[in-house]
Amino acid sequence: MAESLPADLSNVDPADAWRPWQPAAGEWNRKWVAHLYRRAGFGATPAEIDQALAQGPTKTLDRFLTGEPDQADRLELLTESGKFYTEPANLRVWWLYAMTEGGHPLREKLALFWHNHFATSYAKVRSTSLMYEQNVTIRKHALGKFRPFLLDMSKDPAMLVWLDSNRNVKGAPNENYAREVMELFSLGVGNNNYTEKDIQEAARALTGWHHDAEVKQFEFNRELHDDGTKTVFGKTGRWTGEDVVRLCCDHPACPKFLVSKLYTFLVSEEAPPKGLLAPLADQFRKSDYDIAALVRTVLGSRLFFSAHAYRKRVKWPVECALGAVRTAVATRVPLADLLEPLAKMGQALFSPPNVKGWRTGTDWLNSATLLSRNNFAEKVATGRWNQNPRPGSRDEVFTTVGEPAKSDGPKAEEPPPPPPDAKFDVCAAVYATKPKDVAAVVKRMGELLYGEAVTPAQAKKIETFLLTPGPAAPAGPAAPAAKGKGAKVAASSPTPGASKEAPKEEKKDAKKEPPKPLDPKDVKLDSADFKARVREAYHAMMCLPEYQLS
């Protein structure tokens with residue numbers, strides 16, 4: 001077995017943590033393949049898992065960095081088609097299509113990260129054309145060099161509108177962009193990396209950086225530019241906007257800040273011990289901000305393939321949604337059906353809430369967004385795509401996360417809903433390996449949802465539910481012990497089906513003996529009733545902390 005890292009990262013030599021992972025025989029398995037696909041992409045299809053297992057970690061990581069052989073052709077088609085969308089909803093679907101069908105999931109994953117880093121919203125820009133052009137710029141640089149990336153974003157028309165750059169003129173400088181380029185885009189808040197005077201002087205250097213009258217492209221208005229001497233970070237000169245970008249990238253805080261943000265996105269939301277990121281920051285600086293090289297080091301490291309990184313992030317809504325449909329649905333679902341669930345989960349693409357972007361980590365999770373994740377899980381499990389839900393159907397299992405639907409009293413049992421269209425049925429993925437018994441069905445569901453088989457204790461609870469007749473929601477498997485942010489997720493995500501004290505009217509029936517599990521030998525795996533039970537269990541398993549954590 002390859003030597004694992006100690007439990008306490010503060011005792012780890014930082015250089016050792018970022019050495020390439022060299023798995024021993026059997027260590028490159030479904031668990032770690034699924035982990036890599038969740039972080040470097042949007043989850044893996046069963047076929048991609050098998051391909052990665054056959055190719056090994058090095059070739060799999062190479063494929064993530066370069067994309068599929070035809071990704072350039074796909075990108076050209078995507079870029080050309082995106083020009084014609086005039087409605088925000090259509091543009092959002094276009095980007096979801098790029099994420100799922102663009103042939104380069106790592107590029108799209110990093111584009112999502114940079115979209116949140118350079119947060120710009122249609123709510124103020126009010127132009128799908130400008131938001132599209134910015135998205136193209138972000139994608140172009142997502143795995144490139146940060147210096148030209150920051151310069152292009154500083155001249156991006158959507159950004160110029162978003163941060164009021166046309167109001168930045170000689171004699172009355174507007175500090176919006178000067179502040180954000182330091183605070184949010186390159187140096188980070190606090191740590192005495194810059195002063196208010198630095199912001200004021202940088203704003204003067206950026207005067208005249210405007211968009212044209214048609215609001216289509218960058219335009220330097222020389223007459224409104226302050227050409228005087230400025231002092232930024234203790235350096236004096238007749239600085240221009242290009243100089244401000246250069247000075248920010250030359251600042252020693254820049255590589256540290258960017259590496260810290262990428263670490264949180266790719267590795268863990270738990271704060272690293274002091275000094276752990278120093279080798280990465282040093283590499284990033286020496287490579288002149290080569291994003292792809294940095295990402296490769298991180299994704300191929302011993303630390304990445306360790307318990308210190310495993311399930312240490314809360315999935316962003318886009319990750320949660322696309323991971324579910326890529327894993328469970330053999331045929332591409334109508335991507336427009338994802339827009340409303342994503343918005344309710346808190347992430348409408350092209351519309352971050354403010355210049356700081358979306359608040360991530362456990363901030364993704366509250367009573368409203370957890371319910372929306374639950375409802376989305378129901379949509380996936382029941383295969384209800386491109387159609388309106390039927391009110392009152394029995395698979396409306398939960399009205400709030402972890403609590404059974406409230407009842408006004410006994411009701412006549414309703415017939416089960418018809419099975420979903422075969423191309424959207426999660427049972428197709430579950431049964432693709434031709435499971436021979438209930439235990440094999442449970443093992444397969446765990447692999448699809450969590451990347452690995454569930455624990456024996458979890459498997460027993462799921463098997464009991466599958467074998468027990470009746471329409472009730474499953475008492476979901478117990479959440480695993482979690483630390484740090486994961487523990488907060490566990491606390492905020494009660495086990496689906498876990499009931500509080502029974503309503504008074506139900507106590508009258510307390511003496512009724514509950515149905516007993518069937519003998520596994522008496523269960524027909526291909527029966528409609530058992531498959532309906534599988535879908536219910538799949539729904540419940542998607543609501544558990546294991547699925548909310550990446």
Side-chain angles (χ1 to χ4, degrees), residues 3-22 35-36 38-40 61 64-65 106 109-110 112-114 116-118 141-147 149-150 181-194 248-314 316 356-357 359-362 483-486 549-550:
E3 183 183 358
S4 60
L5 294 175
D8 186 355
L9 275 179
S10 62
N11 295 327
V12 175
D13 179 351
D16 193 42
W18 302 113
R19 281 197 295 109
W21 183 55
Q22 297 178 334
H35 171 67
L36 176 60
R38 285 194 301 269
R39 297 296 178 82
L61 188 54
F64 268 110
L65 268 296
L106 179 59
K109 190 67 171 284
L110 268 294
L112 181 62
F113 167 81
W114 293 118
N116 198 42
H117 181 81
F118 293 108
H141 292 291
L143 285 165
K145 295 288 188 78
F146 184 73
R147 283 182 186 271
F149 191 2
L150 183 59
V181 75
M182 295 181 191
E183 184 173 292
L184 299 178
F185 302 160
S186 65
L187 305 181
V189 180
N191 298 320
N192 299 316
N193 294 327
Y194 54 88
C248 285
C249 290
D250 287 345
H251 197 292
C254 185
K256 298 176 184 178
F257 170 65
L258 295 173
V259 163
S260 177
K261 287 198 71 171
L262 280 163
Y263 175 87
T264 301
F265 184 69
L266 294 173
V267 181
S268 174
E269 287 165 354
E270 296 181 3
K274 185 177 180 180
L276 183 69
L277 304 186
L280 295 181
D282 189 51
Q283 171 192 331
F284 201 33
R285 178 183 58 81
K286 288 180 178 178
S287 71
D288 197 23
Y289 296 98
D290 188 328
I291 300 167
L294 173 66
V295 169
R296 185 184 187 93
T297 297
V298 171
L299 296 180
S301 69
R302 296 181 66 210
L303 181 57
F304 182 79
F305 290 101
S306 77
H308 298 288
Y310 192 70
R311 298 208 183 281
K312 290 298 190 293
R313 288 183 61 247
V314 176
W316 293 16
K356 293 181 180 180
R359 296 178 63 179
T360 59
T362 54
K483 298 179 180 179
K485 296 200 180 259
L549 296 174
S550 171

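Position 1 is the first residue of the sequence, and the numbers go up from there. Predicted model only: the values in this text are computed from it and were never measured. Keep in mind that the numbers below use all heavy atoms, side chains included, and drop hydrogens, waters and symmetry copies.
Within the 3.5 Å criterion, the main-chain N or O of V267 finds a donor-acceptor partner in the side chain of R39. Proximity of a side-chain donor or acceptor of T297 to a complementary backbone N or O of A293 within less than 3.5 Å is detected. S550 contributes no side-chain N or O that, together with a main-chain N or O of R311, makes up a donor-acceptor pair within less than 3.5 Å. Looking at S260, its side chain never comes within 3.5 Å of a backbone N or O of K256 through a donor-acceptor pair. With hydrogens and angles ignored, the 3.5 Å screen pairs no side-chain donor or acceptor of E269 with any backbone N or O of T362. Checking side-chain atoms of H117 against main-chain N and O of L258 turns up no donor-acceptor pair under 3.5 Å.
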After noting the C-alpha distance and the side-chain angles of W316 and F265, does the key distance pass the ring pair (Phe, Tyr, Trp, His ring centres under 6.0 Å) rule? CA-CA 10 Å; W316 293 16; F265 184 69; 5.0 Å; yes

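Nearest heavy atoms, F118 versus F149: CE1-CZ, 3.7 Å. Residues E183 and V189 share a closest heavy-atom pair of CG-CG2, 3.2 Å.
Once rounded to the nearest 0.5 Å, the distance linking CZ of R19 with CG of D16 reads 4.0 Å. Distance check, rounded to the nearest 0.5 Å: CG of L294 to CZ of F146 gives 12.0 Å.
Taking the six-membered ring where the residue is Trp, Y310 and H35 present tilted rings, their angle falling between 30° and 60°.
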